[in-house]
Number of protein chains: 2
Amino acid sequence: MKHGPSIARIGALVGDPARANMLTALMSGQALTAGELAIEAGVAANTASGHLAQLLDGGLLAVEKQGRHRYFRLAGPDIAETLEALMDLASRNGGRRTRPGPKDPELRRARVCYDHLAGEQGVALMARMTAGKLLALGDGSIEMTAHGERHFAAFGIDVAALKSASRPVCRSCLDWSMRRPHLAGGLGAALLTRIVHLGWARRLPASRIVRFVPSGEKAFAKLFA
Amino acid sequence: MKHGPSIARIGALVGDPARANMLTALMSGQALTAGELAIEAGVAANTASGHLAQLLDGGLLAVEKQGRHRYFRLAGPDIAETLEALMDLASRNGGRRTRPGPKDPELRRARVCYDHLAGEQGVALMARMTAGKLLALGDGSIEMTAHGERHFAAFGIDVAALKSASRPVCRSCLDWSMRRPHLAGGLGAALLTRIVHLGWARRLPASRIVRFVPSGEKAFAKLFA
DNA sequence: CCAATGCTTCGGCGATCCCCGAAGCATGCC
DNA sequence: GGCATGCTTCGGGGATCGCCGAAGCATTGG
């Protein structure tokens with residue numbers, strides 16, 4: 001017992017303000033350099049290095065080197081999920097927020113969670129895809145149906161590429177603002193990318209907000225309906 | 001930025017091994033005394049007092065005095081939800097666990113989450129209730145239908161008492177093992193209580209496992225189907 | 001090649017926090 | 001009423017950890 005449970009380890013990692021700031025900055029799924037994260041955290045570069053090493057060691061971050069630059073990102077969407085849970089809990093306890101949380105109507109409406117669409121729009125899309133049998137729910141898992149494959153391909157998704165990638169195609173991501181799942185995984189990410197590419201919505205800089213244009217919102221509401 | 005975000009505050013509270021042990025011990029929704037929590041945490045009584053004060057101040061725990069005894073419990077089911085998220089994340093990162101986590105097949109199958117049924121059985125029940133129109137899903141909310149009221153009353157649930165209580169009747173609780181919601185709120189709790197009262201299942205001592213007897217499992221599978 | 005930049009490592013400092021013994025207050029039981 | 005028990009508060013000790021300056025290594029661009 002004296003060694004503490006492993007939730008303490010995760011908690012301690014999140015529990016430092018500088019590290020919390022870094023994690024928050026990475027919530028939109030973008031990768032940032034060590035220097036950028038140092039600025040986000042408001043600490044010196046060498047201090048940031050120490051923090052980043054801990055987050056890497058703890059499995060919360062992943063890193064890729066590009067020349068002298070090291071790009072850090074969240075190690076997976078589950079990290080984003082858990083951080084969203086913590087944000088939700090913190091907002092309920094009157095804690096100060098670094099940024100508008102899911103109480104922000106726009107973030108509740110549509111936001112980026114790691115690399116896929118979350119919020120009301122994300123959950124609504126998920127509901128349409130399951131109701132329309134494009135996705136099949138199993139025990140804790142989700143699979144694309146053959147019927148769904150055709151629809152996704154028609155929408156411009158490279159389904160073969162999704163299937164050959166190493167990450168799961170479909171994954172249920174728990175949505176804290178809606179308390180129901182939205183779609184994550186390769187397909188979830190591809191759908192968001194496609195929606196942005198079509199100009200239906202755009203991502204606001206330095207924010208997780210996904211803002212639909214009026215015509216895009218109409219088109220989206222019909223998608224897979 | 002130097003003040004850190006509020007997720008850091010929650011993280012720091014969870015990040016101490018003694019406090020993490022206390023929170024874990026309270027996951028089943030039962031209330032424990034300060035002395036019992038001191039034992040769970042493996043620290044002296046006065047140390048435990050300090051920790052409990054912090055958890056109270058942070059809004060993670062609530063307390064009720066009964067004579068010289070102080071009974072602590074989690075401040076709400078959202079705390080349990082978030083702790084489950086942390087447990088899930090910790091288990092994915094190869095961290096040590098104090099107890100079998102949701103990787104335990106029995107816990108995945110059926111377990112107590114705060115005061116209601118979670119796991120495969122909890123999620124399956126939720127699916128039956130929504131598919132059968134006993135519950136209606138709104139934007140982030142769940143409501144009991146009139147149709148559902150009759151069914152719940154027939155099952156032995158005091159619906160009027162639920163409605164007059166101060167807590168929400170229906171609440172979606174995100175299930176980390178199944179990645180879909182199970183039912184929380186007054187109704188969720190009442191259903192678990194009823195199931196146990198009927199002898200369909202029982203709660204294992206000092207554990208969150210809910211174990212169905214064979215006949216109870218059969219009856220449960222037909223409930224609201 | 002050299003200077004600038006990005007990043008990591010080392011070492012020391014200081015703040016914080018958890019630990020428990022001791023003491024005190026409240027409650028319950030005989 | 002006295003004693004035992006539950007719990008909290010106070011104070012001191014020691015461990016931990018985040019901080020940054022300095023130094024070193026790697027990469028990039030002129």
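Keep in mind that this is a model prediction, so the values were computed, not measured.
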Would you mind reading off the distance between [X] atom [atom1] and [N] atom [atom2], rounded to a whole angstrom?
X       : N      : atom1 : atom2 : result
B/Phe72 : D/dT8  : CZ    : C1'   : 10 Å
A/Asp16 : C/dC17 : CG    : P     : 11 Å
B/Met22 : D/dC7  : CE    : P     : 11 Å
A/Arg70 : C/dG6  : CZ    : C1'   : 11 Å
A/Leu13 : D/dC17 : CG    : C1'   : 13 Å

Which residues satisfy the salt bridge (charged side-chain N to carboxylate O under 4.0 Å, His left out) test with [X], sequence neighbours excluded?
X        : answer
A/Arg167 : A/Asp115
A/Asp57  : A/Arg9
B/Glu217 : B/Arg109

Quiz item: When the ring planes of B/Phe220 and B/Phe212 are compared, do they come out parallel, tilted or perpendicular, using 30° and 60° as the limits?
Solution: tilted
Quiz item: From the list D/dT9, D/dC19, C/dT8, which nucleotide is the closest neighbour of the side chain of A/Ala18?
Solution: D/dC19
Quiz prompt | Residue B/Val43, side-chain heavy atoms: nucleotide from D/dG18, C/dC19, D/dG21 that is nearest | solution = C/dC19
Quiz item: Looking at DNA chain C, which of residues 28-38 of chain B put a heavy atom within less than 4.0 Å of it?
Solution: none
Exercise. Kindly indicate, with the supporting measurements, whether the criterion side-chain contact (heavy atoms from CB on, under 4.5 Å) is fulfilled by A/Arg202 and A/Leu204.
Key: CA-CA 6 Å; A/Arg202 58 192 174 89; A/Leu204 302 198; 3.6 Å; yes
Self-check item: Interface residues of residues 47-57 of chain A with DNA chain D (non-hydrogen, below 4.0 angstrom)
Solution: A/Thr47, A/His51, A/Gln54
Which residues share a side-chain hydrogen bond (donor to acceptor under 3.5 Å, both in side chains) with [X], sequence neighbours left out:
X        : value
B/Arg68  : none
A/Arg70  : none
A/Thr33  : A/Glu36
B/His116 : B/His182

Self-check item: Residue pair A/Val169 / A/Met144: nearest heavy atoms and the distance that separates them
Solution: CG1-CE, 3.6 Å
Quiz prompt | Heavy-atom closest pair, residues B/Val213 and B/Gly199 | solution = CG2-O, 3.5 Å
Quiz item: Does the distance from a Lys or Arg side-chain N to an Asp or Glu carboxylate O, for B/Asp158 and B/Arg194, drop under 4.0 Å?
Solution: no
Using atom names, set out every protein N or O paired with an N or O of nucleotides 27-30 of chain D below 3.5 Å, distance rounded to 0.1 Å.
unit_1 : atom_1 : unit_2  : atom_2 : d
D/dT27 : O3'    : A/Arg68 : N      : 3.2
D/dT27 : O2     : A/Arg68 : NH1    : 3.2

Quiz item: Between the two ends of the helix from C/dC1-D/dG30 to C/dC30-D/dG1, what is the bend in degrees, rounded to 10 degrees, where each end axis spans five pairs?
Solution: 30°
Self-check item: With A/Ala48 via side-chain contact (heavy atoms from CB on, under 4.5 Å) - residues at least two apart
Solution: A/Met22, A/Ala38, A/Val43
